[in-house]
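What follows is a single structure, written as structure tokens, with notes after it.
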Number of protein chains: 2
Amino acid sequence: MNVDWDEITHVTKVDPAKSLPSDLGVLEGTDLVLVGGSDGVTESNSLEAIERVTDVFSEIPVFQEPYSSSHVSRETIEAADAVSIPAVYNGDRDHFVGKHVELFTEVGQKPDELLGSSVPLVGDLIASKGVEVVAELADKLVGEGYVVQHLESTAAAVSGVDTAYSPDEVAGAALATEAFYDFPIFYVEYSGTYGGPGDVEAAARYLEETALFYGGGIDSSKKASEILEAGADAVVVGDCFHDDPETFRETIPE
Amino acid sequence: MNVDWDEITHVTKVDPAKSLPSDLGVLEGTDLVLVGGSDGVTESNSLEAIERVTDVFSEIPVFQEPYSSSHVSRETIEAADAVSIPAVYNGDRDHFVGKHVELFTEVGQKPDELLGSSVPLVGDLIASKGVEVVAELADKLVGEGYVVQHLESTAAAVSGVDTAYSPDEVAGAALATEAFYDFPIFYVEYSGTYGGPGDVEAAARYLEETALFYGGGIDSSKKASEILEAGADAVVVGDCFHDDPETFRETIPE
């Protein structure tokens, strides 16, 4: 998956458990779609959401951002351009390294199931080239370094986050992403509330290769601009996409 | 730091708290030296060990592998070719992500101290180019994905490891290193005991870009060959370097 991160300034977060606007034309101008959520999300509604978006806008990259491996299947992997895996710096061990090793252990053991050995040609291919297929699958996985800053959010609860980072720690996590973990994305997540530009300013100082995403409470052109001017590469907008498409449109930079 | 990983087949682990062989000529033929240890190691003996090796063999890359940030200073960073930071997959949270964020938070806040603002020219440089200096410093840091498999070892105790990985989990951690974390090294550590070729075979299957190191109980040419034939890129030899230089010589492939 090659994404030109420089071109990404507006990201839409689609929750597969919520209803989508009847007219998906509102997505015009967004640069990337993330499909994922915690409550009520399944493999089936994830696949449906991915396909509804790609049917209308085939040129917008769509990433599945699963909260659980039960949301992922051969079909979702094939339908999405990438599968983004959160690594939550201020979460518990499971949400940084634990689940990743589990996931890759599973990928390493079951490439057949995950890539569809039911198709004879593919099955033969896997039999002869197991390791290459795993490598190909692994290529679709994109790491996102996360800091979850709103402690009352579901995102914090499901990632084992009980302490928000100070701006200095956010900067440290950003630098660790840029210099050590090499994830292509560093994501400051205020899920459900507006956190202001402070953390973005702290993180932006050390990010060059890494794309800096901010999400949380963006419901106006003014807030979107404030975050982008503070140094974010992109704002991530979710709630109002589902609830208020008109407000959503205002968050897309012209 | 550019290291040609393809050329590294024998690594010497030097413990700064132990006495070094009087004739360092025994290092002839080793491809990389790691300087680090847990008991009795200080900044000062680390620096001394690094300098003793580089004085004799300036062409062998020397990495400092600190167990604590108190082992690191401007002098050690400058004297070593790189500072390698273990990320222990089967350890506790601190030894994967916790200490890394702390370290980079500190690096981000104190580039002056770490890079020696006492030298006026350097101090001015930092004042004018703070971020670039941090980036340069960060460039010297190399991540090592670790699996610590000998539960009775000091390495396990200081990394919060209480469970060894199965070969499938070792393979999963290897694949996570190759496809997700992008550390240049994946290190199977049996610290003090010989673990045999099983974990190396499991990990080698999924590593292409990543260099595969095995350490623990290598005290003969036969064991070194067994590990290399199982797919390791390099064997890491420590104890007998200090205790029995003649045996150490036998572990270096011809």
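Values in this document were obtained by computation on a predicted structure and should not be read as measured data. Lettering follows sequence order; numbering is per chain, from 1.
- Only the backbone of D92(B) comes within contact range of chain A, with heavy atoms under 4.5 Å apart.
- Screening residues 156-178 of chain A for ring pair (Phe, Tyr, Trp, His ring centres under 6.0 Å), with sequence neighbours left out, gives no hits.
- Using a 30° and 60° split on the angle between ring planes, F96(B) and Y181(A) fall in the parallel class, below 30°.
- When each of I85(A), N90(A), V170(A) is scored by its heavy-atom pairs under 4.5 Å with chain B, the top score falls to I85(A).
- In terms of heavy-atom pairs under 4.5 Å with chain A, the best-connected choice from D182(B), D94(B), V97(B), T177(B) is V97(B).
- Only the side chain of F183(A) comes within contact range of chain B, with heavy atoms under 4.5 Å apart.
- Side-chain atoms of R93(B) come within 3.5 Å of backbone N or O of G91(A) as a donor-acceptor pair.
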